[in-house]
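Have a look at the structure below, then the notes.
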Amino acid sequence: MLDPRLYREDVDTIRRGLERRGAKVDLDAMVNIDIEKRKINGSLDQLKAERNAASDKIAQLKRAGNDPAAAEAAKQAIEKTRSLGDEIKAQQDKFDDLENRFREMALMVPNLPHATVPEGRSAAENKVVSEWGEKFSGPKPKHHLDAGKELGLFDFERGAKITGSGFPIYVGLGARLERALLNFFLDYHVANHGFTEISPPVLVNRQAMIGTGQLPKFEEDMYQVAADGLFLVPTAEVPVTNMHANEILDAAALPIAYAAYTTCFRREAGAWGKDTRGFLRLHQFDKVEMVMFTEPAKSYAAHEHLRTCAETLLQKLGLHYRVIELCAGDLGFGAAKCYDLEVWAPAEERWLEVSSVSNFEDFQARRANIRTKLDGKTQYLHTLNGSGLATPRVLVALLETHQTADGGLRIPEVLRPYMGGLTEIKAKKK
RNA sequence: GGAGGCGUGACCGAGCGGUUUAAGGUGUCAGUCUCGAAAACUGAAGUACGGGUAACCGUACCGUAGGUUCAAAUCCUACCGCCUCCGCCA
């Protein structure tokens with residue numbers, strides 16, 4: 001959520017920011033509601049002040065006790081004040097209605113892009129910031145689906161049988177490899193990057209989903225448990241950020257850095273037909289998410305730090321990747337600035353997004369009411385998060401990058417301790 | 001699932017219709033004392049919105065949402081959360 005004061009004091013800033021994003025919002029309607037709301041608020045406050053004064057007088061008269069004249073005066077005052085209550089109630093209802101309408105609209109307004117975010121309307125205009133490692137050379141490896149199937153690492157057909165498409169089953173060494181990746185990610189962040197490990201619920205309530213910005217706008221992308229009014233998390237960002245909702249965090253404890261592994265659930269409602277084959281777009285996948293809470297002045301340094309944390313993992317896995325800086329038009333709903341990490345898949349012959357590192361500034365903190373006391377002032381802090389990392393696409397890149405000549409898979413050194421020392425998943429002899 | 005208890009400021013905790021301006025304590029900040037610190041003493045200090053150049057004034061906020069009343073932290077209803085006991089299951 002944006003600072004509500006902006007709608008009164010500097011609508012142009014909002015207008016410009018939304019234009020950069022290409023977001024359509026009826027700002028004029030919001031401004032008008034706000035003006036009307038304030039008008040009513042003024043007269044409402046006045047009415048309440050009158051009533052309070054009258055009530056005080058009544059209290060005084062009553063305290064006079066046995067004086068019959070005072071008792072009579074009190075009776076009359078009560079009679080006179082009664083109608084005030086009705087008027088207050090009517091005005092209050094009008095005010096509440098306007099406020100609710102404003103809030104509903106405000107929750108649908110995306111964050112404003114940071115000044116450093118490049119201009120652009122779509123992913124085509126994103127900027128490549130850096131590239132690490134060398135482009136795969138040599139004969140084109142087998143496609144990850146074929147390679148994985150031959151090695152017996154996963155089973156899409158049976159996953160579809162018990163649930164539907166987009167819900168793969170990991171089998172044998174495939175399951176272990178996935179678990180190895182997650183353990184490596186988590187252990188590495190905790191041991192080397194100072195993150196505290198969190199294992200949160202994967203079902204959350206509506207308020208949490210609003211707090212991080214998934215709702216109300218993206219309800220159709222979320223899996224719901226209707227009977228309990230709960231949602232399956234699309235990312236650990238939701239429970240881990242909202243952990244601190246309605247709290248005032250000790251400034252001395254900042255920055256707070258959490259790393260959380262959860263399964264993630266996404267309906268991908270708007271993505272029919274896109275990447276439906278294989279691992280590239282799943283309804284259920286596993287991810288380690290990094291979440292940070294910082295004081296406002298330090299969030300951009302933290303943003304770079306998070307990006308580095310995610311990059312390190314890819315380097316340790318020996319994967320060729322690049323860093324993308326999203327342009328204004330491609331930014332996610334709540335992000336003020338965002339880097340994507342894309343890993344190269346040599347058989348797929350394209351870059352695959354494996355991490356999205358975003359700074360939300362105070363956008364989520366306002367929604368979830370997460371504050372800190374800084375220099376004697378209570379204020380919203382900044383939240384950030386980034387994947388570190390998501391397994392399916394990393395697995396794809398591993399299968400295609402570290403494939404042996406006969407279709408086996410070399411296990412990167414950092415994963416071997418998690419694979420019982422295994423150095424290679426060998427191709428089955430024909 | 002059944003019965004009972006409890007949700008109050010950064011934290012603990014009193015208040016259970018009207019001088020509440022939410023007592024008291026802890027913690028925080030400033031001052032006195034001290035070479036400096038601790039202790040002690042004195043004082044300051046909530047958040048949001050609106051009005052005003054400002055001092056300040058008004059309004060709202062005691063888990064959440066309704067209700068009763070001239071007036072609600074206080075009474076009523078529902079919901080949420082926590083605790084205790086019982087039952088059931090691991």
Side-chain angles (χ1 to χ4, degrees), chain A residues 1-10 30-67 69-104 106-107 200-201 203-211 225-231 239 242-254 256 293 295-296 362 365-381:
Chain A
M1 208 156 51
L2 305 178
D3 185 346
R5 246 174 310 194
L6 274 181
Y7 293 94
R8 294 196 273 283
E9 292 168 9
D10 194 4
M30 292 185 71
V31 169
N32 285 335
I33 288 174
D34 187 53
I35 288 170
E36 202 181 335
K37 195 183 83 177
R38 268 156 60 214
K39 219 159 56 188
I40 290 177
N41 190 36
S43 58
L44 187 57
D45 276 3
Q46 212 171 333
L47 285 172
K48 283 178 177 172
E50 271 176 52
R51 184 181 63 182
N52 289 345
S55 286
D56 276 353
K57 199 169 270 169
I58 291 165
Q60 278 171 29
L61 290 170
K62 289 244 173 185
R63 243 177 272 121
N66 41 20
D67 180 1
E72 183 55 31
K75 210 171 187 179
Q76 281 180 15
I78 288 172
E79 212 50 54
K80 237 172 72 187
T81 315
R82 197 161 287 158
S83 62
L84 250 185
D86 296 337
E87 202 175 336
I88 287 172
K89 197 169 180 183
Q91 295 271 0
Q92 184 74 56
D93 286 348
K94 230 194 266 178
F95 178 83
D96 290 346
D97 179 57
L98 288 169
E99 183 151 82
N100 289 337
R101 267 163 63 197
F102 185 85
R103 186 177 163 77
E104 266 169 43
L107 285 173
L203 281 170
V204 298
N205 58 32
R206 180 170 288 272
Q207 192 49 52
M209 291 291 257
I210 290 172
V225 181
D228 299 287
L230 298 174
F231 297 83
N242 284 288
M243 262 171 70
H244 291 302
N246 301 314
E247 289 183 23
I248 297 176
L249 299 174
D250 184 1
L254 298 177
I256 292 172
F293 302 81
E295 35 185 282
D362 63 8
R366 280 180 191 282
R367 290 173 161 248
N369 191 28
I370 310 172
R371 295 169 296 171
T372 186
K373 199 161 187 174
L374 214 59
D375 304 323
K377 252 195 93 65
T378 305
Q379 53 190 282
Y380 293 109
L381 43 68

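Throughout, a chain's letter reflects where its sequence line sits, starting with A, and its residues are numbered from 1.
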Atom pairs under 3.5 Å, N or O on each side, protein against nucleotides 8-13 of chain B: can you list them with distances?
none

Taking the P atom in each of A45(B) and G24(B), what is the distance between them to the nearest angstrom? 14 Å
Expressed as a whole number of Å, how far does the C1' atom of G46(B) sit from that of A10(B)?
-> 10 Å
Given Watson-Crick and G-U pairs under 3.5 Å, RNA chain B in dot-bracket ([ ] crossing, | other strand) is ((((((((.[[[..)..(.....]]].(((((.......))))).((((((....)))))).[[[[[..)....]]]]])))))))....
Is Ala77(A) touching bases, backbone alone, or none of the nucleic acid, heavy atoms closer than 4.0 Å? nothing
Taking any heavy-atom pair under 4.0 Å as a contact, classify Lys37(A): base, sugar-phosphate, or nothing. nothing
Would you give me the side-chain donor-acceptor pairs under 3.5 Å for residues 30-45 of chain A, sequence neighbours excluded?
| unit_1 | atom_1 | unit_2 | atom_2 | d |
| --- | --- | --- | --- | --- |
| Asn32(A) | ND2 | Asp28(A) | O | 3.3 |
| Asp34(A) | OD1 | Arg8(A) | NH1 | 3.4 |
| Asp34(A) | OD2 | Arg8(A) | NH1 | 3.4 |
| Ser43(A) | OG | Ile40(A) | O | 3.1 |

Mind listing the N/O atom pairs, protein and nucleotides 15-18 of chain B, below 3.5 Å?
| unit_1 | atom_1 | unit_2 | atom_2 | d |
| --- | --- | --- | --- | --- |
| G18(B) | O2' | Arg63(A) | NH2 | 2.8 |
| G18(B) | N2 | Ser55(A) | O | 3.1 |

Kindly give the atom pairs (protein nitrogen or oxygen, nucleotide nitrogen or oxygen) under 3.5 Å for nucleotides 72-77 of chain B.
none

State whether a side-chain donor-acceptor pair under 3.5 Å links Asp96(A) with Gln92(A). yes
> So, Arg367(A) side chain and Leu107(A) main chain: donor-acceptor pair closer than 3.5 Å or not?
Replying inline: yes
### Under 4.0 angstrom between Asn41(A) side-chain N/O and U59(B) OP1 or OP2
no
**Message:** Does A60(B) have OP1 or OP2 under 4.0 Å away from a side-chain N or O of Asn52(A)?
**Reply:** yes
Of C70(B), A60(B), G58(B), the nucleotide closest to the side chain of Arg82(A) is C70(B)
Residue pairs passing the ring-ring contact (aromatic ring centres under 6.0 Å, His included) test with at least one member in residues 82-102 of chain A, sequence neighbours excluded, are Tyr7(A)-Phe102(A)
